[in-house]
Amino acid sequence: MIVDNRYTLKYSYTHPALVSIITPRNLTSAVWRFFGFWAQRGKIVEPSNMRAHLSTAHPGELESGPTAKQPRLDSFLKPAATSLLAAPRQEAITEKLVKFVCKGMRPISVVEDVAFKEFCREMEPRYHVPSRGTVTSRIADLYKRTVDQLKLSLQGKDVALTTDGWTSLSTASYVTILNSVLQTKELKVSHTAENVGQCLAEILCVYGLKESVICVTTDNATNYINAVEKHLEMVNIPCVAHTINLAVRKGLAVRGIEIPIARLKVAAAHFSKSSADSYLLQQKQELLGLKAEKLINDCPTRWNSTYDMVCRASAQQAAVSAVIFDKKLSRMELSMSEWSIMEKVQEILKPFKVATEALSTDAYPTASAVLPIIHVLLAQLKRTPSEEEPPALLEMKAKIATDLKKRYGEERVARRLLNKASYLDPRFHQLRHLEEDQKRQVHLAVLEEMKANVGGGRDEAPERPREQQTKSALTAMESLFGGVCDTRPNQEQDISLLLQKEMSMYEQESPIPPQENPPMWWKTSGGRYPHIAQMAKKYLSMPGSSVRSERVFSSAGNIVNKKRSALAPSNVDYLVFLANNFTMRSGYGGRVKAGQGGGWGCGPEQLVATVPCARRSVDGGCIAMARRNPYYT
């Protein structure tokens with residue numbers, strides 16, 4: 001019998017209809033040692049379920065023979081671990097790794113971590129994780145390139161700065177100066193005004209900003225105020241959040257207020273340390289149907305912490321009083337009159353809480369709102385007291401008002417700058433917080449500066465080329481009377497009239513609501529007032545608070561932590577600078593914003609799309625004040 005070479009003959013019958021049982025040679029499974037296909041005249045007739053039959057009728061036979069396992073498709077697609085990664089791909093991953101370390105404030109030693117290497121190996125087996133030294137050098141290169149970009153973006157721009165000092169875990173002292181974060185410099189000598197001023201001057205010289213600084217916002221530390229005003233000879237803007245905090249502290253020092261506040265502090269400290277009484281407080285809260293919340297303790301340097309402590313204690317008054325009574329903790333017990341005073345203190349301090357939160361941002365202009373909000377706070381304190389108001393509350397209000405007025409006195413240069421900023425803010429441009437003569441002084445100062453800007457930026461009119469003229473009687477008359485009868489318009493007078501008209505039209509604009517965004521308004525309406533808009537770019541960039549410094553210090557605390565307390569000062573500067581000056585999506589040196597005082601850009605047209613509205617601030621921010629004072633209506 002003839003069988004095709006593609007088949008293997010297993011059995012042959014003599015009956016002509018059932019010729020044989022054959023197996024195709026391309027079938028290599030072990031099953032085919034025991035089975036085949038019926039074939040008639042060399043052609044397969046019908047297959048059968050052979051594996052099922054072997055498993056049931058002949059167990060063990062299938063496993064005894066050789067097996068052939070078909071490879072998976074992904075085995076052909078997966079690159080060999082021994083092959084090298086392409087250089088551009090290796091470089092791109094390393095660049096992302098450097099950003100991961102800088103922006104995420106991770107330790108550089110993460111590249112030496114075994115688990116991190118295993119993670120990278122799983123993601124890309126061919127990627128070679130760089131050494132710690134390589135990452136450090138890449139960070140230094142990135143720092144230099146970003147500094148160069150920042151220098152270029154700040155060149156020729158008016159800038160407003162913020163500065164403050166901080167101490168690391170290793171007790172190393174640093175001074176950080178911010179527009180964007182410019183530099184973090186170690187200060188190894190005493191923090192006198194002279195030494196701080198010299199440190200700031202060195203940083204400004206690196207960027208060439210000594211002559212283009214509008215102002216420097218600091219907290220109310222005397223050494224930094226003197227460093228800015230006396231040694232750098234620049235305008236110092238006091239941080240409004242620190243100012244409000246100091247004024248409130250003066251008011252809380254009244255004896256009738258200080259005693260119950262001290263008892264609340266003792267109670268909060270006691271419940272935070274005693275686990276038994278803390279559990280008992282929770283039980284009392286559940287029985288009384290109160291929300292299970294811990295008491296908040298007061299911190300003198302933390303803004304609004306006294307207000308938060310009083311609010312929490314007043315909300316939990318019943319539960320706290322019950323525990324104090326059960327445990328006989330008389331030193332923490334407040335009388336009913338003292339609880340009543342605390343509730344009224346809470347009402348007095350609420351506008352200060354709202355004001356601080358509204359101005360503690362670097363996302364939109366704040367300096368222009370400082371004096372209007374101070375005016376609102378003083379108006380709140382001057383409200384006619386009720387007949388039953390305790391003398392301690394009256395004294396508290398008087399002390400707060402006196403301190404606020406002193407810190408923004410008429411004679412201070414900072415007040416003049418802040419008034420200009422308020423005029424250039426379409427929310428407050430009518431200057432309702434000023435008297436009429438004070439308004440005229442602000443208008444005159446703005447007009448004179450606009451004249452100087454126009455005069456300084458105006459090119460001289462090009463001299464007309466001399467043309468050959470034919471001598472005539474008319475040309476003779478021109479040469480005779482040209483110096484006596486000058487018919488050309490007075491250009492300086494025309495410019496002054498033009499600017500006054502522009503200011504008059506701007507002042508007739510209705511104030512926009514306090515929750516609206518000033519840069520957005522200037523973007524849409526700045527074309528009608530081009531000279532005023534130019535000044536708005538400059539003065540609305542001033543930060544009213546040093547909140548940016550505080551946030552940078554928080555990021556610095558994450559960088560110089562317990563595991564990295566021995567970082568070199570240069571590495572501290574690199575990491576703090578890069579963590580605050582670029583984002584993951586913008587590549588090297590991204591988030592560099594020219595003229596960015598307090599987080600707001602040098603011009604409304606540059607950053608208006610990214611600036612959130614003030615309505616995001618706590619309790620409505622300025623919105624809450626708009627409901628309580630006619631200044632904003």
Side-chain angles (χ1 to χ4, degrees), residues 146-164 175-185 196-218 224-225 227-239 362 365-368 413-414 416-421 423-424 445-446 448-459 519 522 530-546 548-549 552 577 580-581 589 591-607:
T146 311
V147 167
D148 291 339
Q149 292 182 14
L150 186 56
K151 287 180 181 178
L152 185 62
S153 66
L154 294 175
Q155 187 175 3
K157 300 291 194 313
D158 292 319
V159 296
L161 305 176
T162 308
T163 186
D164 205 350
V175 173
T176 300
I177 187 167
L178 304 95
N179 176 269
S180 295
V181 174
L182 300 182
Q183 190 174 347
T184 299
K185 191 176 182 65
V196 172
Q198 183 178 356
C199 180
L200 296 177
E202 291 174 358
I203 297 175
L204 293 178
C205 288
V206 171
Y207 287 87
L209 297 177
K210 190 70 181 295
E211 304 299 328
S212 58
V213 176
I214 308 170
C215 64
V216 181
T217 302
T218 67
Y224 276 84
I225 294 176
V228 172
E229 293 182 345
K230 296 182 179 179
H231 296 277
L232 295 180
E233 297 181 349
M234 297 177 181
V235 180
N236 174 73
I237 302 291
C239 170
D362 58 354
T366 54
S368 58
V413 180
R416 295 198 289 270
L417 285 184
L418 293 174
N419 277 328
K420 282 186 181 180
Y423 177 79
L424 298 168
V446 172
E448 293 300 324
E449 185 168 347
M450 284 196 296
K451 286 181 181 180
N453 292 340
V454 173
R458 184 180 70 243
D459 296 331
W522 279 113
H531 301 94
I532 302 177
Q534 190 67 26
M535 287 190 65
K537 295 180 184 181
K538 174 181 178 180
Y539 286 101
L540 292 186
S541 68
M542 298 190 308
S545 68
S546 60
R548 283 217 72 204
S549 297
V552 169
F577 178 88
N580 291 276
N581 275 339
R591 201 171 183 260
V592 171
K593 299 175 182 177
Q596 176 182 320
W600 196 70
C602 66
E605 75 283 356
Q606 294 182 347
L607 299 177

Does [X] use its side chain to pair, donor to acceptor, with the backbone of [Y] at less than 3.5 Å?
X    : Y    : value
R416 : A445 : no
T217 : P543 : yes
Y539 : L417 : no
W522 : K537 : no
N236 : E229 : no

Of all heavy-atom pairs between [X] and [Y], which one has the smallest distance, and what is that distance?
X    : Y    : answer
T366 : S545 : OG1-N, 4.2 Å
L232 : A201 : CD2-CB, 3.8 Å
H231 : G197 : CB-CA, 4.4 Å
A160 : I214 : N-CD1, 4.5 Å
L540 : A421 : CD2-O, 3.6 Å
I203 : K185 : CD1-CB, 4.1 Å

Sequence neighbours excluded, which residues qualify as ring-ring contact (aromatic ring centres under 6.0 Å, His included) partners of Y224?
none
Decide side-chain contact (heavy atoms from CB on, under 4.5 Å) for I237 and T218; before the verdict, give the C-alpha distance in whole Å, the side-chain angles of both, and the deciding distance to 0.1 Å.
CA-CA 6 Å; I237 302 291; T218 67; over 6 Å; no
Test item: [X] and [Y] side chains (from C-beta on) under 4.5 Å apart, heavy atoms:
X    : Y    : value
L182 : L150 : yes
I177 : V216 : no
T184 : V175 : no
L152 : D148 : no
S549 : L178 : yes
E449 : K538 : yes

What verdict does the side chain to side chain donor-acceptor pair (under 3.5 Å) test give for T162 and S546, after you've listed the backbone C-alpha separation in whole Å, the side-chain angles of each residue and the deciding distance to 0.1 Å?
CA-CA 6 Å; T162 308; S546 60; over 6 Å; no
Point-to-point distance, once rounded to the nearest 0.5 Å, from [atom1] of [X] to [atom2] of [Y]:
X    : Y    : atom1 : atom2 : answer
S368 : M542 : OG    : CE    : 8.0 Å
Q155 : L209 : CD    : CG    : 10.0 Å
L154 : Q149 : CG    : CD    : 11.5 Å
D158 : Q534 : CG    : CD    : 9.0 Å
L204 : E211 : CG    : CD    : 10.0 Å

Between K210 and E202, is the closest basic N to carboxylate O distance under 4.0 Å?
no
Residues at least two apart in sequence or cross-chain that pass side chain to side chain donor-acceptor pair (under 3.5 Å) with T163, listed by chain then number, are none
Take V147 and Y207 through the side-chain contact (heavy atoms from CB on, under 4.5 Å) test and state the conclusion after the steps.
CA-CA 9 Å; V147 167; Y207 287 87; 3.9 Å; yes
